[in-house]
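Numbered from 1 within each chain, the chains take letters A, B, ... in sequence-line order. A quick note: this is a predicted structure, and the numbers were derived from the prediction, not measured.
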Amino acid sequence: MTAERLSRDDFNRPTLHVARGLVGSYLVRNIKGRRMSAMIAETEAYKGPRDAASHAFGGRRTARVEPLYRDGGTVYVYLVYGMHWLLNFSTAGAGNPEGVLIRAIMVEEKGTSRFIVGPGLVTRYLQIDKRHDGIDATTSNQLWLENRDERVRGIKRGPRVGVDYAGAYWAARPWRFWIEAR
DNA sequence: TGTCCGATATCCT
DNA sequence: GGATATCGGACAT
């Protein structure tokens with residue numbers, strides 16, 4: 001099996017392309033020398049200043065969202081509802097505060113595959129939190145992505161989850177991509 | 001299927 | 001100082 005780490009160019013592409021492309025890629029996590037990996041099963045695109053569901057809507061630029069403004073592949077991790085860390089990767093190049101949220105993964109355990117659905121559960125499983133905010137996934141030895149020689153078929157597409165606060169129009173954009181358990 | 005609620009960093013007034 | 005949030009679990013219906 002070949003495994004090729006995702007590079008800057010892979011992230012510095014249009015965000016919807018990256019979001020779709022990340023489904024079927026692998027998240028790799030190195031925890032004190034022990035390696036975990038998980039296939040990405042669901043993503044969502046957040047398209048920056050013009051997207052009312054984005055943290056960078058209207059060009060907002062606070063300390064929290066600064067990683068989104070950096071080069072593609074920068075990790076953006078933040079806390080919601082006081083207890084859930086959410087994992088995102090910056091896309092579309094430096095200065096464009098767009099990104100992709102990782103909503104679900106598939107892991108291999110005891111010879112069988114298991115889906116972990118929900119962005120807060122993904123980070124809990126992979127032990128990702130504020131410590132990883134701002135790191136560069138194209139060079140980090142803590143967290144990175146790989147493409148493996150595996151065909152992913154049947155990617156579905158639909159509205160994003162949990163963004164009703166952004167209004168009906170933005171909540172309805174079909175910017176979520178996923179594969180289902182088989 | 002629906003309602004409720006935990007727990008807190010961050011943002012805005 | 002007050003409101004809110006890219007959620008998840010529990011429990012009732």
Legend entry - Nearest non-hydrogen partners of Val28(A) and Arg148(A), listed with the distance: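 Shortest heavy-atom contact: CG2-NH2, 3.9 Å.
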Rounding to a whole Å, what distance do you find between [X]:[atom1] and [N]:[atom2]?
X	N	atom1	atom2	value
His55(A)	dC12(B)	NE2	P	11 Å
Asp129(A)	dT10(B)	CG	P	12 Å
Glu42(A)	dG8(C)	CD	P	10 Å
Arg64(A)	dA9(B)	CZ	P	13 Å
Arg124(A)	dA7(B)	CZ	C1'	15 Å
Ile128(A)	dC7(C)	CD1	C1'	16 Å
Leu86(A)	dT8(B)	CG	P	17 Å
Glu66(A)	dC11(B)	CD	P	11 Å

Inset, instruction - Answer yes if the side chains of Ser90(A) and Arg70(A) hold a donor-acceptor pair under 3.5 Å, and no otherwise. - result: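 No, Arg70(A) and Ser90(A) have no side-chain donor paired with an acceptor closer than 3.5 Å.
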Inset, instruction - May I ask you to say what Leu101(A) touches in the nucleic acid, namely base, sugar-phosphate or nothing, with a heavy-atom cut-off under 4.0 Å? - result: base
Inset, instruction - Verify the contact: side-chain N or O of Lys47(A) to OP1 or OP2 of dT6(C), cut-off strictly under 4.0 Å; return yes or no. - result: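 False: Lys47(A) side-chain N/O out of range (4.0 Å or more) of dT6(C) OP1/OP2.
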Closest to the [X] side chain: [options]?
X	options	answer
Arg60(A)	dG9(C), dC11(B), dT6(C)	dC11(B)
Tyr81(A)	dC7(C), dA9(B), dT10(B)	dC7(C)
Leu121(A)	dC11(B), dG6(B), dG8(C)	dG8(C)
Val80(A)	dG9(C), dA5(C), dT10(B)	dA5(C)
Met83(A)	dC11(B), dC7(C), dA7(B)	dA7(B)

Legend entry - Paired nucleotide for dG8(C) [Watson-Crick or G-U wobble; both distances under 3.5 Å]: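 Pairing partner, where one exists within any strand: dC5(B).
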Inset, instruction - Keeping the roles fixed (side chain from Thr15(A), backbone from Thr91(A)), state whether a donor-acceptor pair exists under 3.5 Å. - result: no
Inset, instruction - Please check if atom CD in Glu4(A) has more than 12 non-hydrogen atoms from other residues, nucleotides or ligands closer than 6.0 Å. - result: no
Legend entry - 5' priority, DNA chain B, between Gly82(A) and Val65(A) [closest heavy atom]: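 Its nearest nucleotide lies further toward 5', so the answer is Gly82(A).
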Inset, instruction - Let me know, please, whether His84(A) or Thr62(A) comes out on the 5' side of the other along DNA chain B by nearest nucleotide. - result: His84(A)
Inset, instruction - May I ask you to list the residues sharing a hydrophobic cluster with Val65(A), side-chain cutoff 4.5 Å, ordered by chain and number? - result: Tyr46(A), Leu68(A), Tyr69(A), Tyr76(A), Tyr78(A), Val80(A), Tyr81(A), Leu86(A), Leu101(A), Val163(A), Tyr165(A)
